[in-house]
Amino acid sequence: MKRHLNTLFVTTQGTYLFKDGETLALKVEDTVKLRLPIHTLEGVVCFGQVSASPFLLGHCAAHGVSVSFLTEHGRFLASVQGPTSGNVLLRRRQYRLADDPAASAALARFFLSGKLANARAVLRRALRDHGGKIEAEAVGQAIDRLSQHLDRLRTDMALDAARGMEGDAAHAYYGVFDHLIVAGKGDFAFAGRNRRPPLDPVNCLLSFLYVLLAHDVRSALETTGLDPAVGFLHRDRPGRPGLALDLMEEFRPFFADRLALTLMNLGKVKGKGFKRLESGAVVMDDATRKEVLMAYQERKQDVVEHPFLREKMPIGLLFHTQALLFARHLRGDLDGYPPYLWK
Amino acid sequence: MYAEDELLSISALQHLLFCRRQCALIHIERVWAENAFTVRGGILHEKAHEQGYASRDGVRVARAVPLRSMELGLSGVADVVEFHEGRDGEIVFPVEYKLGQPKADACDTVQLCAQALCLEEMLSRPIEAGAIFYGRTRRRLAVAFDAALREATRAACDDLHAFIRAGVTPKARYDARCRSCSLEATCLPRACGGKRSARAYLRQAIEEP
């Protein structure tokens, strides 16, 4: 039985990770600060100047524990992968479908449907919770726009058309995202999405959460035996985890975006926790990053009922479940890919 | 005769006889194969070792014995092979360790017989009987490798090779076996049995006002 396990985030600079028997040991300045049995871990994410012994990396790979290295500010650097796991037939099927434009478009529509339905659910929830405080009319219009696109996604269309709709839907959604920030308006204003680099605290927060999400989704795909690099909505680009980005789509709104909103609206992150660099790029300070990481981990423990499987599971296990359902669709067990739909 | 790289795992026979989808998930899909294998293997070896009756008079006991048969196209590891002193020379006697209790179907006896056929081929000696030790009952069940069991084992091997070559994972069907199956969370028998439609689910969710 697949269990939802912990991800270890290492943010203390100068930390050295090594294998000690069956445990992962963590050393800071010659003092061992922590020992964790490796079988209790799902992943290790290292920020900045953190190093690890090759034996630990090998042991993690053998136990399916993903290890990623990020810059201090959360930009992805590298991840360590063991022997390719899983099913060669599954991967060949993935590649064949990715080479087939019609099949790719059909799969992309499943991912997009999940994304748009969940984005719509986030906006609806905001109306329900803060209807009096926010610009309900603008949000309502965005909801209608998403609904129109969801309807159109039910008919066959070429990949470019689907991608065009995604662009328009994202425009509608992010266009009203600022209305969903109901507290800390002075600190947090959102005028549109920018990523490379993020130019304001909201984008900084969103980008950071998306990086964490990408790490988790990617390792779920690898565990399932899928190739995270070969996507359907996101086409091949060297170095880009296309399928991880595809599968992430349904999780962005209800998981990452709502977490960002909660952190801002409840005042758990503050404007002064973000720093503007000379170039205008915005980064978060250590305390804020820690707060976000903790909130991310806690949110993964929340139990939800999967509407397709009709089973309860922690959100952290949803990544694996969705990767598995996608694999089962590719192998012909399901007549489509059922995205996780948040209510 | 099979080539070396065509050999399949002896344990796959048992999976095939228990549930064809389980067999496909483990041996074709390789989904979380590491989990299934390590858990199974770990438990087996633990059991085989904890018995520790290695020094009985007149019996040599070999543990974790690697086996193969080019004729059946199988390879694997026998928990224990005993070599008894007999009047006409040594008698080879394979013993398999199982956690549970004797089962109604032929899974276990076929697996043991396959081990015996491997040993016959490797040692060029006839092997007439073996035993399965069941942890639940703490008793040995004696198994005679008669013509009917040998025939059933050969047929299962042919079936297994054709099944793996075809590479098609059968649809799931939820039944009583699923409750004892460690792969249920991967197999998703209720969702993947053809009764639930992902398209209908999505359509319904999108239409909702």
Side-chain angles (χ1 to χ4, degrees), chain A residues 1-3 39 62-64 82-93 106 109-110 113-114 116-118 120-121 124 146-147 149-154 223-225 306-311 313 317 320-321 324-329 331-343, chain B residues 5 19-43 163-174 178-209:
Chain A
M1 174 70 186
K2 178 81 196 154
R3 289 185 303 156
H39 68 267
H63 285 75
T84 305
S85 70
N87 175 7
V88 63
L89 298 178
L90 172 66
R91 266 197 299 280
R92 288 186 70 99
R93 176 99 185 122
R109 278 163 47 219
F110 285 116
S113 297
L116 268 54
N118 286 339
R120 185 175 66 173
R124 281 179 175 162
L146 291 175
S147 294
H149 285 316
L150 275 166
D151 276 339
R152 285 177 53 202
L153 275 175
R154 289 158 62 180
T223 311
T224 313
H306 196 291
F308 181 70
L309 294 177
R310 298 172 203 150
E311 281 172 33
M313 60 184 75
L317 195 55
H320 287 274
T321 303
L324 182 61
L325 286 170
F326 186 67
R328 299 266 44 111
H329 169 52
R331 293 290 290 153
D333 284 339
L334 286 168
D335 64 345
Y337 166 68
Y340 174 81
L341 298 172
W342 185 73
K343 286 270 157 74
Chain B
D5 70 349
C19 168
R20 295 177 84 79
R21 182 165 164 96
Q22 188 203 53
C23 183
L25 289 175
I26 296 172
H27 300 279
I28 297 174
E29 307 271 334
R30 321 293 290 207
V31 277
W32 295 333
E34 202 208 343
N35 285 358
F37 279 130
T38 48
V39 171
R40 277 161 212 271
I43 291 166
F163 180 74
I164 301 291
R165 209 164 29 238
V168 178
T169 306
K171 282 255 195 280
R173 233 180 58 196
Y174 186 81
C178 297
R179 267 171 282 163
S180 66
C181 178
S182 60
L183 288 187
E184 192 188 343
T186 311
C187 171
L188 300 173
R190 292 171 211 256
C192 292
K195 292 207 178 106
R196 238 172 260 178
S197 162
R199 289 170 184 272
Y201 152 84
L202 198 53
R203 192 166 52 238
Q204 203 181 356
I206 285 169
E207 277 170 3
E208 257 173 34

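Protein chains get the first letters and strands the later ones, always in sequence-line order, with residue 1 at the start of each.
At a 4.5 Å heavy-atom cutoff, the contact between A:L89 and chain B is made by side-chain atoms alone. For a residue to count as touching a neighbouring chain, one of its non-hydrogen atoms must lie under 4.5 Å from one of that chain's; by this rule B:R196 touches chain A with backbone and side chain alike.
Comparing B:G193, B:A200, B:C192 by heavy-atom pairs within less than 4.5 Å of chain A, the highest count is held by B:C192. Counting heavy-atom pairs closer than 4.5 Å to chain B, the top-ranked of the candidates A:A117, A:S147, A:P307, A:G332 is A:P307.
Proximity of A:S113 to A:Y337: side-chain heavy atoms (C-beta onward) are nowhere separated by under 4.5 Å. A heavy-atom distance below 4.5 Å is not found between the side chains of A:R124 and A:L146.
With sequence neighbours excluded, the residues forming a side-chain hydrogen bond (donor to acceptor under 3.5 Å, both in side chains) with A:H149 are A:D168, listed by chain and number.
Put simply, SG on B:C178 and CZ on B:R21 are 9.5 Å apart, with the number rounded to the nearest 0.5 Å.
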